[in-house]
Amino acid sequence: MLSSKPCYWCKEPVIDCPTCWGVYGQMETCGRCQGTGCVCQNGHGATWLGSVNCPAEVQENIDNWLRRNLREEPWELPSVQSLPVSNRDALSYIAFMADMNVLFQHGLDADSLARIRWLTQCRNVAIEAGGRVPSVLRAGPLPDSLNQRQESSHGRTGTHGPVDEFLRGALDHAYPGQWDNPMPFVASLVADGVGIAVFYLGEYIHICAGVLESLRLTGDLVGVLGEVNEATAIGSFQLRRGADEEHWWIVYSFKLLKVWIDPESTASAQMLVDVVSNMPSLIKARIDHMTGKGIPANRCTTDGPWWLVLM
């Protein structure tokens with residue numbers, strides 16, 4: 001069912017479709033404010049999230065091509081020869097759009113998995129044909145044959161350093177075999193109903209979790225959050241803006257520099273294990289405190305790509 005909601009940025013009306021915007025309200029943006037879009041299989045949807053150097057009419061043609069192919073069965077996998085463009089900017093746009101839209105194929109049924117395979121192959125052949133590698137790979141890593149292109153495009157190797165391997169070992173010690181890696185340098189899991197995500201690309205390690213959502217920003221909320229943070233020894237509980245003033249989030253966040261971690265130190269390992277092991281009980285206790293003070297118990301969702309909102 002379609003409804004009309006205002007653009008998050010300029011407040012102009014935009015079409016809102018469950019296929020396009022079923023995850024987070026802040027994605028309700030219009031093409032005037034954002035430059036590239038989410039392709040809705042139903043043939044509509046506003047655009048959002050970043051931009052690439054590709055003319056608008058070419059973007060529209062590519063969007064239509066992607067929509068048409070996602071509606072067809074049995075989704076014959078694309079090849080370099082089947083791509084509708086050969087210009088590098090247009091190929092880069094295809095690679096970005098195909099990679100991004102993997103996030104919007106929900107479920108594990110045969111149709112959803114077929115679309116994911118098609119979109120992933122589309123991204124890969126667009127890069128093989130000369131398109132730039134998206135700065136963040138949401139559809140998983142590139143094949144080995146394209147890794148060299150990824151390194152030159154990103155200006156970095158994308159390999160895991162000693163601290164990254166040390167971190168992954170500590171996480172697996174805290175929750176053996178329970179972690180997913182939805183994209184490079186991201187680890188996520190759901191423990192006792194709490195979604196925990198760890199982001200470790202670059203110089204920081206950022207450990208965070210969703211706490212409450214769809215909250216109205218009030219003085220009482222800010223005051224209770226201050227009480228919670230006074231009682232929290234490591235990390236902090238933070239407010240994040242949602243789609244509007246009625247949809248604020250509370251997230252738990254703990255960030256540290258990788259240079260603070262000594263891969264040879266048992267103390268460093270124990271600190272990381274303690275933080276992630278205690279997060280579910282810590283968050284539950286803080287939620288109990290907040291709801292006891294009248295804050296609505298709107299627990300953060302752990303459905304779909306829930307970890308995106310924590311990035």
Side-chain angles (χ1 to χ4, degrees), residues 24 103 135-138 140-141 150-151 154 156-213 225-240 249-290 299-311:
Y24 304 120
L103 295 179
S135 59
V136 175
L137 295 175
R138 299 164 178 86
Q150 180 189 24
E151 292 172 10
H154 285 191
R156 57 178 182 267
T157 62
T159 57
H160 295 280
V163 174
D164 299 329
E165 297 297 340
F166 177 79
L167 170 66
R168 284 150 56 119
L171 297 178
D172 200 49
H173 181 80
Y175 296 98
Q178 298 182 50
W179 291 93
D180 291 324
N181 294 105
M183 57 189 292
F185 300 95
V186 177
S188 66
L189 92 159
V190 178
D192 295 332
V194 176
I196 303 172
V198 182
F199 306 97
Y200 53 101
L201 178 63
E203 59 183 331
Y204 286 97
I205 297 170
H206 188 196
I207 304 171
C208 48
V211 182
L212 296 174
E213 64 181 5
L225 198 61
E227 296 174 6
V228 165
N229 281 318
E230 286 180 6
T232 303
I234 296 179
S236 62
F237 289 80
Q238 303 172 356
L239 282 169
R240 290 195 183 178
W249 298 69
I250 294 178
V251 301
Y252 172 81
S253 176
F254 174 58
K255 183 180 285 189
L256 68 162
L257 284 165
K258 288 182 179 179
V259 295
W260 296 347
I261 298 294
D262 179 4
E264 304 298 324
S265 167
T266 56
S268 291
Q270 192 61 53
M271 181 270 294
L272 291 171
V273 170
D274 286 346
V275 169
V276 295
S277 297
N278 292 321
M279 280 176 68
S281 58
L282 169 69
I283 289 171
K284 182 180 184 301
R286 299 300 182 259
I287 289 176
D288 289 345
H289 177 87
M290 288 187 282
R299 297 287 294 270
C300 282
T301 182
T302 53
D303 296 330
W306 55 267
W307 46 270
L308 274 176
V309 76
L310 300 174
M311 295 183 72

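- Summarising the geometry, atom OG belonging to Ser188 is positioned 5.0 Å from atom CG belonging to Asp180; distances are rounded to the nearest 0.5 Å.
- Inter-residue side-chain proximity for Leu225 and Gln238 is flagged as unmet; no heavy-atom pair is nearer than 4.5 Å.
- Distance alone, capped at 3.5 Å, places no donor-acceptor pair between the Ser277 side chain and the Asp274 backbone.
- Considering every non-hydrogen atom in both Val228 and Arg286, the closest pair reads CG1-CD, 3.5 Å.
- The aromatic rings of Phe199 and His206 are tilted relative to each other, their planes meeting at an angle between 30° and 60°.
- Here the side chains of Val194 and Val190 are not in contact, with every heavy-atom distance at 4.5 Å or above.
- The minimum heavy-atom distance linking Thr302 with Gly195 is given by the pair CG2-N, 3.7 Å.
- Atom CD1 of Ile250 and atom CZ of Arg299 lie 12.0 Å apart (nearest 0.5 Å).
- Minimum interatomic distance between Asp192 and Pro280 (heavy atoms only, all atoms of both residues): OD2-CB, 3.9 Å.
- A heavy-atom distance below 4.5 Å is found between the side chains of Met279 and Ile207.
- The side-chain heavy atoms of Trp249 and Leu212, taken from C-beta on, include no pair separated by under 4.5 Å.
- Inter-residue side-chain proximity for Phe237 and Ile287 is flagged as unmet; no heavy-atom pair is nearer than 4.5 Å.
- When the shell of 6.0 Å around NE2 of His289 is examined, it contains more than 12 heavy atoms from other residues, nucleotides or ligands.
- Within 6.0 Å of the NZ atom in Lys284, the count of heavy atoms belonging to other residues, nucleotides or ligands does not exceed 12.
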*Using the side-chain contact (heavy atoms from CB on, under 4.5 Å) rule, take Tyr252 and Ile234 through it: C-alpha gap first, then chi angles, then the decisive distance, then the call.*
CA-CA 10 Å; Tyr252 172 81; Ile234 296 179; 4.1 Å; yes
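- Ile196 has its side chain within reach of Trp179: a pair of non-hydrogen atoms, C-beta onward, lies under 4.5 Å apart.
- Between Gly210 and Val251, the closest heavy-atom pair is CA-CG1, 4.5 Å.
- The side chain to side chain donor-acceptor pair (under 3.5 Å) search around Asp172 returns none, not counting sequence neighbours.
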*Assess whether side-chain contact (heavy atoms from CB on, under 4.5 Å) is satisfied between Met271 and Ile261, documenting all intermediate values.*
CA-CA 10 Å; Met271 181 270 294; Ile261 298 294; 3.9 Å; yes
_For Phe254 and Val275: C-alpha separation, side-chain torsions, deciding distance, then whether side-chain contact (heavy atoms from CB on, under 4.5 Å) applies._
CA-CA 9 Å; Phe254 174 58; Val275 169; 3.8 Å; yes
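- Smallest separation of non-hydrogen atoms from Ala170 and Val273: O-CG2, 3.6 Å.
- To the nearest 0.5 Å, the span separating CZ on Arg240 from SG on Cys208 amounts to 6.0 Å.
- Across Leu272, Asn181, Val186, Ile205, a single residue satisfies side chain to side chain contact (heavy atoms under 4.5 Å, CB included) together with Val198, and that is Ile205.
- The side-chain heavy atoms of Leu256 and Tyr204, taken from C-beta on, include no pair separated by under 4.5 Å.
- Proximity of Arg168 to Tyr200: side-chain heavy atoms (C-beta onward) are separated by under 4.5 Å at one or more points.
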